[in-house]
Amino acid sequence: MAKEFVMSDIEQEIRKTWIPAFESNPAEDKEKFYINVAFPYPSGAMHVGHGRTYIVPDVVARFWRMRGMQVLFPMAFHVTGAPVLGIAKRIANKDEKTLKLYGGLYRVPQETLDSFTDPIVIVNYFADEYERVMKQLGLSIDWRRRFTTIIPQYSKFIEWQYSHIYGQGKVVKGEYPVRYCPNCDQPVGDHDLLEGDSAEIMHFVFVKYPFGEFFIPTATLRPETIFGVTNLWVNPEVTYVKAEVDGEKWIVSREAAEKLRMQKHTVIETGMISGADLVDKAATHPISGAAVPILPASFVDPDMGSGLVMSVPAHAPFDYIALRDLQQEGKYTDIVPIPLVTVPGFGRIPAQEIVEKNKIPHQDDPRMDELTQELYTAEFSKGKLNENCGVHAGKSVRAAREDVTREFVDTRGSIVFHDMSEQRVICRCGNRVYVKILDDQWFLNYADPVWKEQIHAQLPKVAMVPPEVRAEFARTVDWLKEWPCTRRVGLGTRVPWDPKWLFEPLSDSTIYMSYYTIAHKITGIDAEKLTPAVFDYIFLGIGDCDVLPVDADTLKELRSEFLYWYPYDYRFSAKDLISNHLTFQLFHHRAIFPDELQPKGMVVFGMGLLNGMKMSSSKGNVFLLEDAANEFGADTVRMFLVGSAEPWQDFDWRNELVLSVKKQIERMWQIVLDSSAASGSAPIDAWLISRLQHRIDAATKALSAFQTRQALQEAYNGIVSDLAWYRRRLPEGSSGTAALHEVTSAWIRLMAPVIPYTTEKLWSETGHAGLASFAPWPVADPALVNNAVEVSEELLQRTVEDIQSILKLVQIDAVKVTLFVAPAWKHEVFGIVAAAEDKRNVVKTVMADAGLRSKGKDATDAAVQTVKLIHSLPPELVASIAVGVDEFAIFSAAKEFLERESGLAVEVVAAESSTHPKGRMALPFKPAIVVE
RNA sequence: GCGAGGGUUGCCAAGCUAGGUUAACGGCGCAGGGCUUAGGACCCUGUCUCAAGGAGUUCAUGGGUUCGAAUCCCAUCCCUCGCACCA
């Protein structure tokens, strides 16, 4: 009876021996293998979705360790940034939702929660929790190298990194329109928004119409339509302001004046003017100089653009319908739409056409936005400017828009005005978000074409798993532009040349993989001594180590350890980081390190689902990793997470599936221990051992390619099913042979990377010395592959299945089954067909043989049937059969087995020696079967 | 909208890059049987429709190429991810 299997006991016991064993130092006699993961931001508890991110690299680490590599798998915590500040603030404010999340879902004890008003306490708490859970899951991490990104030594490292990046001119100062919360005095990202995350920043051109001593600017996305302007629109209900904007006198809405201030314009309000007072006055067309009447319209929104709009009734449905409404009242009947764009599919006045075709009754009709979009899109993609457009006539709308914009901005003093596409864009603090131009901002210049080109050249040299992501990287490199790399608030490292700024989180985590190599040794060094020159020596080998603040021996040691591990071999991360972090780190490595130290490979993960739904901490749809490990066992969690889908595919955590994985592990435990007393031998041993070589080979190939699921398919399901057949084929009464020892020894090791606890325990239980985690990975031995035996067992398997399916079909009480084995000449036919390039004309080839031709129709029939048969068999098997299989001998030897399987008397007959009509049906590898 | 990826039999998911191993791996679920009480534990069998080992209809939809397509080509529909101040 096998020992009872209690996973949690085993885990406790084994963990103690592991932790020091996974501390990894340079070993000059061994090849290194350095993998790392995007480090976590510890602001909450880990859920099973995070689990796979760390377990897959651990499986890989364990695999290569067993293959004799010196493996480094480090971990650290990224605490740079602002989110945790907000969390601390909300906890201090007793925000209910936050307290519920942390006290409830994450189960932070009350007294700890009370101290969460300090952001540092939060990250330290969760960093410790991460480490604890990671250890529980058996991750083979070298914990000596743990650090956080705000320790002084790391800050010095970042300063060094940026001394180079800045020195290379890759950090630039610039203007940039951002979403901005005046209340928080901060730019806001998508995740900072309470509402309106679908809003975009739109870039309007202000077209200025002279109006007495003033200008009336109108905001437009379509400046080329200036040639079709018939009038301006003003909202008579709104009070506008007179203001000096950058020294010019303008009339704009109060909101627009406010927005202009945020966009680096000087705005001095000098007075007010009611919209109603502007109605029926006229401004001057900036190009033609004609008078442009100002008309009233209620749809004009003072909170959009300048609060005044130019009217192009021929092409803007809103303008058309507003004008029509007025004209129906008998007003302004002299105004006629001026068409300026011809579009295939539309007549001369598209706006009129589309409004009337859809029978729009008035300007508040909900369909208006949709129609406007439809027309704008059609004009933009297919429209051409007509003869009303002066020098621009004949241009495409696309081209004309660029040209007219440039003309207005460069020569007519227009400005580009930024505004949100929606007004309800609300910061997490509850205040409205505006567009602000930041000028005192530092950018990483990813737009630099030379830098971009370097990364494009680098990409083909980086291994990518899965290969499909390569295209996404290439596209990201093209798409990246200046990245604002500094922030005013948050945790992190100050910008050395401009200390009022801090480096933002994505920018201080691009080359930290190099820091891991020395992390455990550098923490003992006083940060003040870590000058850029010190890092230059360690990472670049520049300078004289005898004249640096740190002693020379230490520096040489650090330098040597860095060079041992670097470059890293694989970096693992979820796929959503491709468009930022994973690409950023390529840029920075390229800028800092020489050719031979560039990243070698990346593995990109899919997403995690919980019961088919996206996991989300804020929605409570998560299953905590620690709970999973406690409930199911660490090995179960590991095997499920790496076995239910390949790493780059999405996986779906469902408890009932996890439970069946747990049973699988228990089954293995049972089988291995039950086999330990087996002895003796049987003919089927050769087959079992032969199959094992294939399983080893396939599992090794799969893991080498990061296919954890495929590897498990071979190493678990494959071996289990081989063992099942082996059992069936054992002589009656035997429960196993000594061959099982060889199988279980290999099996334990094949499974060790995935279920390290169980296998570690089994390894010692089955009498092996040392840790399974460091045992040599099994190697397939080609000499043990026995093709003839595998083919003969294949024949038996197929025949047993056929007999069973026939028995199921015939409704008789059968007592006997007769197998008719195909005659030699049919094997000849098989050989000819197998060898034929073109199986369509193979009958001719067969009949070219004089001996076969003498068989007449029998031969052609056999040839046709053989073609079909061969198409239904695996090519390798066909090749083996063609070499020659003595089916009569195989069936005769297995007669007892066949009788036991079928419960019938079995007779094996050579087809040619029988007159039974069914005998003619026999084909190679497909004996004719008669039950009676 | 733009970019990347995907739609396979009840569910999950192989296979599709190098067309014939494919009615389509494996797992889950379900059904029947066994384990000489019961079973959520284990084992076996079955699980598109008919059927002496065969045949018919299937791999989002509609076309096409081919002796032959889930696999190649075209079009359409649907889904997921990314689209930037950031975890």
Side-chain angles (χ1 to χ4, degrees), chain A residues 38 40-44 78 80-84 176 178-180 186-192 200 373 377 438 441 443 446 466-476 478-488 490 504-507 574-581 606-607 609 612 614 643-646 648-652 654 656-657 659-661 663-664 666-667 670 709-710 712-714 716-718 720-721 724 727-728 798-799 801-812 838-841 867-868 870-878 918 921 926-931:
Chain A
Y41 183 78
S43 65
H78 193 206
T80 311
V84 80
Y176 203 67
V178 295
R179 285 184 303 210
Y180 199 85
Q186 276 239 65
V188 289
D190 266 345
H191 59 282
D192 294 323
E200 298 173 51
Q373 195 53 50
T377 303
L438 292 182
Q441 167 71 296
F443 294 88
Y446 295 130
E468 297 86 64
V469 299
R470 192 175 292 282
E472 217 173 328
F473 274 100
R475 214 211 132 252
T476 300
D478 286 333
W479 165 81
L480 279 175
K481 50 190 186 191
E482 298 84 357
W483 175 262
C485 62
T486 57
R487 298 195 62 146
R488 292 293 187 148
E504 64 73 48
L506 282 175
S507 302
K575 72 173 166 197
D576 51 355
L577 294 188
I578 293 175
S579 64
N580 47 53
H581 167 75
M607 301 283 157
L609 303 175
K614 212 168 163 175
S644 65
E646 297 294 5
W648 44 91
Q649 298 172 320
D650 295 351
F651 74 90
D652 187 4
R654 278 150 67 184
E656 75 266 20
L657 297 185
L659 216 50
S660 82
V661 168
K663 285 182 208 158
Q664 290 183 317
E666 286 164 354
R667 186 191 303 183
Q670 213 58 246
R709 177 188 149 88
Q710 180 62 32
L712 267 176
Q713 203 84 205
E714 295 290 341
Y716 187 85
N717 295 322
V720 166
S721 80
R727 284 236 165 67
R728 272 166 91 176
R798 285 171 182 265
T799 305
E801 276 172 32
D802 281 350
I803 292 173
Q804 275 165 353
S805 78
I806 293 169
L807 283 174
K808 229 182 71 193
L809 289 170
V810 296
Q811 303 293 330
I812 58 170
D838 185 355
K839 309 247 187 298
R840 276 175 277 174
N841 305 318
V867 170
K868 201 168 176 189
I870 281 179
H871 275 155
S872 74
L873 295 172
E876 315 85 69
L877 185 57
V878 170
K918 199 76 183 169
M921 301 278 291
K926 197 136 186 80
I929 299 166
V930 175
V931 297

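Predicted model, so just to flag it, every value in this text is computed and none were measured. Note on naming: letters A, B, ... go to the chains in the order of the sequence lines (proteins, then strands), and numbering restarts at 1 for each one.
Comparing rG82(B), rA52(B), rC28(B) by their closest approach to the side chain of Ser579(A) singles out rG82(B). Taking every side-chain heavy atom of Trp483(A) into account, rA84(B) is the closest of rA84(B), rU45(B), rC85(B). Closest to the Leu506(A) side chain, of the nucleotides rG27(B), rC85(B), rC86(B), is rC86(B).
The side chain of Arg667(A) contributes an N or O atom lying less than 4.0 Å from OP1 or OP2 of rC43(B). Put simply, Arg654(A) has no side-chain N or O that comes within less than 4.0 Å of OP1 or OP2 on rC12(B). Checking the phosphate oxygens (OP1, OP2) of rA41(B), a side-chain nitrogen or oxygen of Lys663(A) falls inside 4.0 Å.
Across the protein-nucleic acid pair, Arg488(A) atom CZ and rC86(B) atom P stand 15 Å apart, rounded to whole Å. Following rounding to the nearest Å, Leu480(A) (CG) and rG3(B) (C1') show an atom-to-atom distance of 13 Å. Gln670(A) places its CD atom 10 Å from the P atom of rC43(B), with the value rounded to the nearest Å. One can place CD of Glu656(A) at 7 Å from P of rG29(B), the figure rounded to the nearest angstrom.
Residues Phe443(A) and Asp576(A) each lie close to RNA chain B; by heavy-atom proximity, the contact nearer the 5' end of the strand is made by Asp576(A). Where Lys926(A) and Ser660(A) meet RNA chain B, the nucleotide closest to each residue was compared, and Ser660(A) sits on the side nearer the 5' end.
Separation of the P atoms belonging to rC73(B) and rG20(B) is 15 Å when rounded to the nearest angstrom. When the C1' atom is compared between rC48(B) and rU57(B), the two are found 8 Å apart, to the nearest whole Å. Atom name P, nucleotides rC44(B) and rA23(B): the rounded distance is 26 Å, in whole Å. Rounded to whole Å, the separation between the C1' atoms of rC16(B) and rA24(B) comes to 12 Å. rA41(B) and rU9(B) have their P atoms separated by 28 Å, given to the nearest Å. rG7(B) and rG15(B) have their C1' atoms separated by 15 Å, with the value rounded to a whole Å. Rounded to a whole angstrom, the distance from the P atom of rA13(B) to that of rC2(B) is 28 Å. Taking atom P in both rG40(B) and rG29(B), one finds a spacing of 11 Å when rounded to whole Å.
Applying the ring pair (Phe, Tyr, Trp, His ring centres under 6.0 Å) test to Tyr41(A) and every residue at least two apart in sequence or in another chain returns nothing. Scored by the salt bridge (Lys or Arg N to Asp or Glu O under 4.0 Å) test, Arg488(A) finds Asp440(A) as partners (sequence neighbours excluded). Qualifying salt bridge (Lys or Arg N to Asp or Glu O under 4.0 Å) partners for Asp652(A), counting only residues two or more places apart in sequence or in other chains: Arg654(A). Applying the side chain to side chain donor-acceptor pair (under 3.5 Å) rule to Arg475(A) yields no partners; only residues at least two apart in sequence or on another chain are considered. Taking the side chain to side chain donor-acceptor pair (under 3.5 Å) definition, one finds that Gln710(A) meets it with nothing, sequence neighbours left out. Here Trp483(A) pairs with Phe584(A) under the ring pair (Phe, Tyr, Trp, His ring centres under 6.0 Å) rule; sequence neighbours left out. Applying the side chain to side chain donor-acceptor pair (under 3.5 Å) rule to Asp802(A) yields the partners Lys926(A); only residues at least two apart in sequence or on another chain are considered. Evaluation of the side chain to side chain donor-acceptor pair (under 3.5 Å) rule for Asp478(A) yields His456(A) as partners, not counting sequence neighbours.
Among the atoms of the strands shown, base atoms are found under 4.0 Å from some heavy atom of Asn580(A). Among the atoms of the strands shown, base atoms are found under 4.0 Å from some heavy atom of Ala928(A). Counting any heavy atom pair closer than 4.0 Å across all strands shown, Gln441(A) reaches a base atom. Heavy atoms of Ile803(A) sit nowhere under 4.0 angstrom from any nucleic acid atom. Using a 4.0 Å heavy-atom criterion, one finds that Pro927(A) contacts the bases of the nucleic acid, with or without backbone contacts as well. In this structure, Ile929(A) reaches the bases: a heavy-atom distance under 4.0 Å links it to at least one base atom across the strands shown.
Within the 4.5 Å cutoff, no side-chain heavy atoms of Asp576(A) are placed close to those of Ser579(A). Contact check for Glu504(A) versus Ser507(A): side-chain heavy atoms found under the 4.5 Å cut-off.
In this model, a donor atom of one side chain and an acceptor atom of the other lie less than 3.5 Å apart for Gln441(A) and Thr486(A).
A donor-acceptor pair under 3.5 Å is formed between the side chain of Tyr716(A) and the backbone N or O of Gln664(A). Asp650(A) contributes no side-chain N or O that, together with a main-chain N or O of Gly606(A), makes up a donor-acceptor pair within less than 3.5 Å.
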Just the table, please: protein N/O against nucleotides 22-26 of chain B N/O, every pair under 3.5 Å.
| unit_1 | atom_1 | unit_2 | atom_2 | d |
| --- | --- | --- | --- | --- |
| rG26(B) | O4' | Gln713(A) | OE1 | 3.1 |
| rG26(B) | O2' | Gln713(A) | OE1 | 2.9 |
| rG26(B) | O2' | Asn717(A) | ND2 | 2.9 |

Please tabulate, one pair per line, each protein N/O and nucleotide N/O from nucleotides 4-7 of chain B that are separated by under 3.5 Å, including the distance.
| unit_1 | atom_1 | unit_2 | atom_2 | d |
| --- | --- | --- | --- | --- |
| rA4(B) | O2' | Glu472(A) | OE1 | 3.1 |

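Minimum interatomic distance between Ala645(A) and Phe651(A) (heavy atoms only, all atoms of both residues): CB-CB, 4.2 Å. Between Lys481(A) and Tyr446(A), the shortest heavy-atom contact is O-CB, 3.4 Å. The two atoms that bring Trp648(A) and Pro466(A) nearest to each other are CB-CD, 3.5 Å, heavy atoms only.
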Dot-bracket assigned to RNA chain B with the 3.5 Å Watson-Crick/G-U criterion, [ ] for crossing and | for other-strand pairs, is ((((((((.[[[..)....(.....]]]((((((.......))))))(((...)))...[[[[[..)....]]]]])))))))....

Scan nucleotides 30-35 of chain B nucleotide by nucleotide, 5' to 3', and note B when protein non-hydrogen atoms come under 4.0 Å of the base, S if they reach only the sugar-phosphate, - if neither. ------

